[in-house]
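See structure below.
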Amino acid sequence: MNSAELPAELNNLAMSEAARPLLDKVIAHVRDFCDPAYEEYERLGQTRTDRFSYAPGQLEILGDLKARAKKEGLWNFFLPNADTGEGLSNLDYAYIAFELGKNPLASETLNCSAPDTGNMEVLERVGTQEQKERWLKPLLNGEIRSAFAMTEPDVASSDARNISTTAVLESGEWVINGEKYYISGAGDPRCKIMIVMVKTSPEAETFRQQSQILVPIDTPGVEIVGPMHVFGQDHAPHGHMHIRFTNVRVPEENILWGEGRGFEISQLRLGPGRIHHCMRSIGSAEKALDMMIARGLSREAFGRKIIDLGKNMETISRARIEIEACRLMVLKAARAMDVLGNKEARVWVSMIKAMVPEKACKIIDEAMQMHGATGLSQWTDLPDMYMKQRTIRLADGPDEVHHAVVARAERKAFEASNTRRQIVAKRSQNHVFEGP
Ligand SMILES: Cc1cc2nc3c(=O)[nH]c(=O)nc-3n(C[C@H](O)[C@H](O)[C@H](O)COP(=O)(O)OP(=O)(O)OC[C@H]3O[C@@H](n4cnc5c(N)ncnc54)[C@H](O)[C@@H]3O)c2cc1C
């Protein structure tokens, strides 16, 4: 992909003047309210009797933060240019999401957390009036939560053509049978609705076989088998659940956008969803860098501050350089979505999805190292931060799939460009080394 061939406006990465005051408010909200509340929220969570419930006080903390954010107009930023959102562009939202990545509660307090954001965007774009009234409205109000169920334990789900959960139309109802796992958020008692990827049309051409169907989580036949673990943790009460569907019946009109349109809907949801994760990854890497420096300055070994030992200063330099490179890439991908549209921008989105969480993992890993044993302990957020970034290297598609998207586009562009091909051919003919 050659930037020079794309619209010049793609290079304007500045935040709009209109959004700047919102960013200042978000920074203050995270610093003054989410950061102080998080420790108490976590402490209360340790007294839960049932892992997939909330301890007394936990929901009140979240509720207070949400009410405060809503009152300040910090709500539903993620819906770009939609009537129901704040009308922020993806680019403006990126600046805000960088800040949200610094505190685990922050996104939810602004009603901007996954998987609800992707689900709301889908409902907003393709939902019927009835579907919007029943599910989008309470989601936009932050009254309920939701899940997205695609991945299955028995097939390689990074290729959605493999999805084998079936939905068969019988007497005006879809009858769903199959198994899903790692369904994030389905453990939360506030989760009321799932968007489920199913195979409805096995005879249709490959990309028209799948559909997405709304399934209320309390529908008979939906069995939450239990939580899948990430590095041994269940992430309660959110959870990444293993779910079995046995003769689950939902009305015919619960299908989204019509039969066979599952892939098209995936294209819509994965752009913004993927990019939000990457935006928050930058915030997380920034936080790790600050922690790394603070720790390196606060302790001494072998007669010097830890920051001055070995190549630790270079580690800090590399982290800063990588964060800045990633930040620019994320801004550019966000801008590409605004200028070119989600579909056209998919290569930019894949570029950052393949690069940013990997770099963030590395920076957090270095921060853990600089902390010594404490870095791996419950006394810092670093292990949680690492786990989250490591997860993103799989969730919304493994790194390799995104590399394949980028490489395919690059190869196609090369093959289509006479100029590029001719220059290479000429150089190799002459065997001339032209220098850098
Ligand atoms: C914590 C967590 C939360 C998740 N939340 C959700 C959720 O809410 N809903 C949901 O539906 N899913 C969720 N997932 C699942 C996630 O989306 C899948 O794990 C991912 O899409 C990969 O599918 P798979 O696990 O079946 O891996 P597979 O498809 O079996 O792939 C395995 C490996 O094969 C390799 N591979 C695959 N394709 C290529 C390629 N083109 N080129 C080179 N190598 C390749 C990669 O190394 C890949 O990791 C979550 C996963 C985790 C870990």
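Remember, it's 1-based here, ligands and their atoms both numbered in the order they're listed.
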Under 4.0 Å from [atom], is there at least one protein heavy atom?
{"atom": "atom 33 (C) of ligand 1", "answer": "no"}
{"atom": "atom 37 (C) of ligand 1", "answer": "yes"}
{"atom": "atom 14 (N) of ligand 1", "answer": "yes"}
{"atom": "atom 28 (P) of ligand 1", "answer": "yes"}
{"atom": "atom 7 (C) of ligand 1", "answer": "yes"}

* Establish, for the pair Arg327 and Phe98, whether the NZ or CZ atom is under 6.0 angstrom from the six-membered ring centre and no further than 45 degrees off its axis. => yes
* Is the Lys NZ or Arg CZ of Arg390 less than 6.0 Å from the centre of Phe231's six-membered ring, within 45° of the axis? -> no
Considering only protein heavy atoms, which is closest to [atom], and at what distance to one decimal place?
{"atom": "atom 1 (C) of ligand 1", "answer": "Thr391 CG2, 3.1 Å"}
{"atom": "atom 39 (C) of ligand 1", "answer": "Val401 CG2, 3.9 Å"}
{"atom": "atom 52 (C) of ligand 1", "answer": "Tyr182 CD2, 3.6 Å"}
{"atom": "atom 9 (N) of ligand 1", "answer": "Phe148 O, 2.8 Å"}

So is there a nitrogen or oxygen of [X] less than 3.5 Å from a nitrogen or oxygen in ligand 1?
{"X": "Ser158", "answer": "yes"}
{"X": "Ser157", "answer": "yes"}
{"X": "Ala395", "answer": "no"}

If you measure from the Lys or Arg side-chain nitrogens to the Asp or Glu carboxylate oxygens, is any gap between [X] and [Y] under 4.0 Å?
{"X": "Glu286", "Y": "Arg320", "result": "yes"}
{"X": "Arg190", "Y": "Glu143", "result": "no"}
{"X": "Arg208", "Y": "Glu205", "result": "no"}
{"X": "Glu322", "Y": "Lys362", "result": "yes"}
{"X": "Glu72", "Y": "Arg68", "result": "no"}

Considering only heavy atoms, does [X] approach ligand 1 within less than 4.0 Å through its side chain, its backbone, both, or neither?
{"X": "Leu394", "result": "both"}
{"X": "Ser184", "result": "both"}
{"X": "Met150", "result": "both"}
{"X": "Thr151", "result": "both"}

* Asked: What do the steps show when you test Lys287 against Glu99 for salt bridge (Lys or Arg N to Asp or Glu O under 4.0 Å), and what is the final call?
  -> CA-CA 10 Å; Lys287 182 173 163 182; Glu99 298 304 319; over 6 Å; no
* Parallel, tilted or perpendicular: rings of Tyr182 and His240 (30°, 60°) ->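 Aromatic pair His240/Tyr182 classed tilted.
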* **Check: Ser266/Gln212 side-chain N/O donor and acceptor closer than 3.5 Å** => yes
* To do: Below 4.0 angstrom from a heavy atom of Val230, which ligand 1 atoms are there? Numbered from 1 as shown, please.
  =>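 Contacts of ligand 1 toward Val230, numbered from 1: 1 (C).
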* **Contact atoms of ligand 1, heavy-atom distance to Ala156 under 4.0 Å** =>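 Atoms satisfying the 4.0 Å criterion: 26 (O), 28 (P), 29 (O), 30 (O).
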* Structure fact -> Heavy-atom proximity to atom 22 (C) of ligand 1 ranks first, among Pro398, Ala114, Ala404, Ala149, for Pro398
* Which is closest to atom 45 (C) of ligand 1 by heavy-atom distance: Arg390, His403, Glu400, Met241? -> Glu400
* Asked: At the 4.0 Å heavy-atom cut-off, does Asp396 count as touching ligand 1?
  -> yes
* **Heavy atom of Val155, distance to ligand 1 below 4.0 Å** =>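 Yes; Val155 lies near enough to ligand 1 that a heavy-atom distance drops under 4.0 Å.
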* Drop me the distance from Arg295's CZ to Leu382's CG, to the nearest 0.5 angstrom. => 10.0 Å
* After noting the C-alpha distance and the side-chain angles of Trp348 and Leu340, does the key distance pass the side-chain contact (heavy atoms from CB on, under 4.5 Å) rule? -> CA-CA 10 Å; Trp348 293 95; Leu340 307 172; 4.3 Å; yes
* To do: Measure from the side-chain N and O atoms of Asn119 to the backbone N and O of Ala147, and report whether any donor-acceptor pair falls under 3.5 Å.
  => yes
